[in-house]
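Naming convention: chains lettered A, B, ... in sequence-line order (proteins, then strands); numbering from 1 in each chain. This structure is a prediction, so every number in the text was calculated from the model and none was measured. Both backbone and side-chain heavy atoms feed into the values below; hydrogens, waters and symmetry mates do not.
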Number of protein chains: 2
Amino acid sequence: MPPKDQGVTKTRLLDAALRVIRAQGYSATSVDDLCAAAGVTKGAFFHHFKSKEALGIAAADYFSAFADSVFAAAPYRQLKDPVDRLLGYVDFRRAILQGQLPDFTCLVGTMVQETYDTHPAIRDACNKSISDHAAMVEADIAQAMKARGIKAEWSAESLALYTQAVIQGAFILAKAKGGPQVAAECLDHLRRYLECIFHHPARKGQ
Amino acid sequence: MPPKDQGVTKTRLLDAALRVIRAQGYSATSVDDLCAAAGVTKGAFFHHFKSKEALGIAAADYFSAFADSVFAAAPYRQLKDPVDRLLGYVDFRRAILQGQLPDFTCLVGTMVQETYDTHPAIRDACNKSISDHAAMVEADIAQAMKARGIKAEWSAESLALYTQAVIQGAFILAKAKGGPQVAAECLDHLRRYLECIFHHPARKGQ
DNA sequence: ACACACATACCAACCAGTTGGTATGTGTCA
DNA sequence: TGACACATACCAACTGGTTGGTATGTGTGT
């Protein structure tokens with residue numbers, strides 16, 4: 001019944017990849033692991049992906065598309081003021097630090113550390129994922145700078161990438177310490193920096 | 001003559017581990033890879049380390065001790081004012097972003113992402129390495145807060161961990177983008193945040 | 001003589017990827 | 001309508017090579 005099952009097996013493999021690779025890393029995850037987690041056979045795997053590396057690239061794209069949809073639909077996107085949107089982004093990222101670590105950490109941040117030197121194609125896919133997400137943040141930053149009349153030595157792109165560095169680093173610390181609390185506190189510091197830059201009054205109790 | 005060669009083979013293996021694991025990651029690095037890079041046999045490896053996991057833990061400790069000595073000997077340590085020392089730390093971290101990526105990135109930040117869920121003993125060693133280094137930064141932060149009479153909602157520990165998150169995240173971005181420039185710009189933003197917190201006049205041209 | 005620091009040879013389990021095959025669907029032309 | 005050619009989706013079994021780890025030597029200094 002191919003029409004009914006169209007793409008189901010492939011999607012099951014990609015969903016499994018997100019879960020398993022975020023928990024174990026790319027190298028430690030075997031094709032058999034993926035197949036077992038997805039409940040499919042090895043033949044099905046290599047029918048949909050020509051190699052493990054191709055699955056890695058596809059997983060990065062899949063993760064990226066999923067993240068795009070989550071942030072596009074997030075409530076903070078509706079805020080009128082670009083500074084509010086920027087701070088809303090940080091608050092939203094803080095709010096989604098829920099559940100187990102493999103549920104909210106970043107697939108591409110994990111993968112790129114393992115593959116940047118040995119699998120250039122995966123590194124490029126991860127870089128595109130991070131850069132595209134940063135570009136979304138950069139748009140709000142550029143508007144915020146214009147709205148507040150801020151002329152700085154740093155670029156909107158540089159600050160957007162900085163937000164991503166904080167988030168990626170916060171995930172590493174969360175993994176090292178076994179929980180998301182340290183990551184939340186990192187996002188609080190990031191928020192404080194942005195408030196400082198955009199002359200925004202700090203929230204009470206923060 | 002064992003007295004002369006005392007520890008040489010073990011050290012060669014640990015040095016190789018630093019290089020190879022930072023380039024390929026922990027899981028993708030085989031014991032054979034390590035032996036080849038160190039120029040020793042497998043028998044020697046398992047004479048000094050009872051398992052690959054034990055090597056991972058030893059490598060984290062070895063990296064940690066190396067980092068300790070580098071930072072203890074760094075010129076910024078001689079600065080009298082704790083705020084200068086804190087900013088000096090960031091400047092020093094920025095200055096050592098030299099050479100190839102595996103030369104200056106963080107072994108434990110790389111390893112913990114791959115092992116936090118599957119090798120608790122390695123995760124603990126990585127966590128200790130990060131936390132000990134953060135504690136060194138935290139001491140200067142605590143003194144800086146006292147010197148400037150700063151009472152904040154955040155703790156010195158929280159800010160110290162934030163500096164480590166920025167550094168770890170900067171390494172991920174550097175790997176994704178293939179060079180250290182983005183990491184340097186992240187450290188510039190971190191410096192700006194610290195200047196803001198400690199009411200320090202910004203440097204010109206920054 | 002004995003412990004230590006290695007080296008050699010080897011193993012079972014696992015690895016990514018291939019094979020030959022089946023079941024099911026789709027487009028086309030008479 | 002139906003028969004044929006072809007494509008898609010999948011499967012179980014297999015392959016050559018690699019994995020972490022072990023068992024058993026061997027040379028050397030004390």
Side-chain angles (χ1 to χ4, degrees), chain A residues 1-17 20-21 23-60 62 111 114-115 117-123 125, chain B residues 1-21 23-60 62 111 114-115 117-123 125:
Chain A
M1 41 292 203
K4 270 189 192 169
D5 291 8
Q6 198 91 48
V8 167
T9 300
K10 192 170 185 175
T11 302
R12 283 165 67 87
L13 278 165
L14 288 168
D15 285 329
V20 181
I21 296 178
Q24 307 184 349
Y26 172 79
S27 302
T29 300
S30 70
V31 173
D32 283 332
D33 286 344
L34 258 10
C35 293
V40 307
T41 62
K42 220 165 174 179
F45 181 98
F46 284 101
H47 172 74
H48 290 287
F49 306 101
K50 79 172 208 290
S51 66
K52 186 188 172 187
E53 186 181 51
L55 178 276
I57 296 165
Y62 185 70
M111 276 207 299
E114 295 181 71
T115 59
D117 206 44
T118 49
H119 296 77
I122 296 182
R123 184 203 59 211
Chain B
M1 40 262 257
K4 267 190 192 169
D5 291 7
Q6 197 89 50
V8 167
T9 299
K10 191 170 186 174
T11 302
R12 283 166 66 87
L13 278 165
L14 289 168
D15 284 330
L18 253 58
R19 266 181 293 125
V20 181
I21 296 177
Q24 307 184 351
Y26 172 79
S27 301
T29 300
S30 70
V31 173
D32 284 333
D33 286 345
L34 257 11
C35 293
V40 307
T41 61
K42 222 164 170 178
F45 182 97
F46 283 101
H47 174 72
H48 289 287
F49 305 101
K50 76 171 210 290
S51 66
K52 187 190 170 186
E53 185 180 51
L55 178 276
I57 296 165
Y62 185 70
M111 275 207 299
E114 295 181 71
T115 59
D117 207 44
T118 49
H119 295 76
I122 296 182
R123 185 203 58 211

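- Residues satisfying the ring-ring contact (aromatic ring centres under 6.0 Å, His included) test with B/H119, not counting sequence neighbours, are B/Y26.
- Atoms NE2 and OG1, on B/H47 and B/T41 in that order, are 10.5 Å from each other to the nearest 0.5 Å.
- Annotation: side chain of B/I21 is in contact with side chain of B/M111 (closest heavy-atom distance under 4.5 Å).
- A heavy-atom distance below 4.0 Å to DNA chain D is reached by none of the residues of residues 28-38 of chain A.
- Listed by chain and number, the residues in a ring-ring contact (aromatic ring centres under 6.0 Å, His included) with A/F45 are A/F49 (sequence neighbours excluded).
- B/F49 has its CZ atom 16 Å from the P atom of D/dT22, to the nearest Å.
- Atom CD of A/Q24 sits about 6.5 Å away from atom OG1 of B/T118, to the nearest 0.5 Å.
- From A/E114, atom CD reaches atom CD1 of A/I122 across 9.0 Å, with rounding to the nearest 0.5 Å.
- Listed by residue number, the members of residues 39-48 of chain A with any heavy atom below 4.0 angstrom from DNA chain C are A/K42, A/F46.
- Taking the side chain as every heavy atom from C-beta outward, B/L14 and B/L55 approach each other to under 4.5 Å.
- From B/L34, atom CG reaches atom CZ of B/R19 across 9.5 Å, with rounding to the nearest 0.5 Å.
- The shortest distance between the side-chain N/O atoms of A/T9 and the OP1/OP2 oxygens of D/dA9 is not below 4.0 Å.
- Remark: nothing in residues 50-59 of chain B comes within less than 4.0 Å of DNA chain C through any heavy atom.
- Between the B/R123 side chain and the B/T115 main chain, no donor and acceptor come within less than 3.5 Å of each other.
- Residues in residues 36-58 of chain B take part in these salt bridge (charged side-chain N to carboxylate O under 4.0 Å, His left out) pairs, two or more places apart or across chains: B/D32-B/K42.
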